[in-house]
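Structure first, then comments.
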Amino acid sequence: MNMKHKIAKVDVHLVSYPIIKNFQDATRKVETIGYTIVRLTTDDGIEGFGVTYHEVGGEATKELILKNMNPRLIGRDPFETEVIWQDFFCYLRGIGRKGLMFCALSAVDIALWDLKGKILNQPLYKILGGSNNKIPVYASGGWTSYSDEELVVEVKEMVDSGYNLVKFKVGVDCGRNINRDVLRVEKVRDAVGPDIGIMLDANNCWDAATGIQFANKVKHCNIIFLEEPVFADDIPGLSRFKKGTDMPLATGEHEYTKYGVRDLVLSEAADVVQTDCTRTGGITESLKIAAITQAWNLKFAPHAMENIHIHLVSACYNALFLERLLMFEEITALIYRDCPVPDKGYMYIPDKPGLGLTLNMDFIKEKEE
Ligand SMILES: [Mg+2]
């Protein structure tokens, strides 16, 4: 086997997709979603890819990778994920401590891990130390812009299609009416019965006191966790929330790197940490984040991008499950040719090298911006 591999080519593709449906949560309306796809090719023609995704800012991420990261990737050994991550962390530190810079680094890092798997001819979960168990997955949708009836119908559809874990949005009227939220949760609980696991997502809409009030009012509906009841950067507020209710607190989809997660756990501001490896710094950083959550005996439940996270969840014993955002189903099924789909609330890891996914380059090139 050739032991020396060098990155010879970096390609970046941006695919965006308008959202015409009425998808609004407590704090924003979704108008566009899209993927930024990084393809790294070695000097002997082996290709790995990684992704990040966006509602806004995909163009900037693409430019950052092409203009600033590309020259520093050419000639590198793809196995040096740790060194390459640290190089970019230092090189780009002045322009991004969170946000788009880390979206770019995440996509590059995931591509490196995919490439390692392709070169070694091993699935990523094996390289990470996981096993090919079936992984629980929950359905995620139920926007605050829905009428009560639309909400109940969508959640019932999730259950009818085999999910026994569901998540939907709270924070109607931009978070100004928690009594309506309680009513909506009660309606869903009545409709799905006692055996379906329900999670709620408030998308940053309340202060700690309102979040506590809501959590305590909705307790009788048996909720697995409440997500982002407080602005994600209000770590003291998240901590106050936890002191006022025994409802488990999930947060972290807007947190970046091990440093962000360190601050969350030191402030006792999460029970379930939900970082997203396609934004927080890739596989390299997510392994460290998962280790921090293990050390604090917290749960790890990565946000969205279930086809990427499936490998990570397989390798983390304190990981709960995957999240499947219904909003992303259509574009994801077009981006990949062979995307695994849930079966009765579980996903099965593709036993193919790397991420085990094949890009649909015909679709990507047709839609590319
Ligand atoms: Mg969320």
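Hydrogens, waters and symmetry mates play no part in the numbers below; they use all other heavy atoms, side chains included. Indexing begins at 1, ligand by ligand and atom by atom, following the structure's order. Numbers here are sequence positions counted from 1.
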Please tell me if the side chains of V313 and P302 come closer than 4.5 Å, counting only heavy atoms from C-beta onward.
-> yes
cation_pi(R279, F102) dist<6.0 Å, angle<=45 = no
Linked, directly or transitively: L200 and I224 (ILVMFWY side chains, under 4.5 Å) | no
Any idea how Y336 and Y35 line up, ring-wise: parallel (<30°), tilted (30 to 60°), or perpendicular (>60°)?
-> perpendicular
Six-ring centre of W85, K258 cation under 6.0 angstrom, axis tolerance 45° = yes
Which atoms of the protein, restricted to N, O or S, are nearer than 2.8 Å to the Mg ion (ligand 1)?
-> D201 OD2, E227 OE2, E253 OE1
Check ion pair K242-E268 (N to O, under 4.0 angstrom) | no
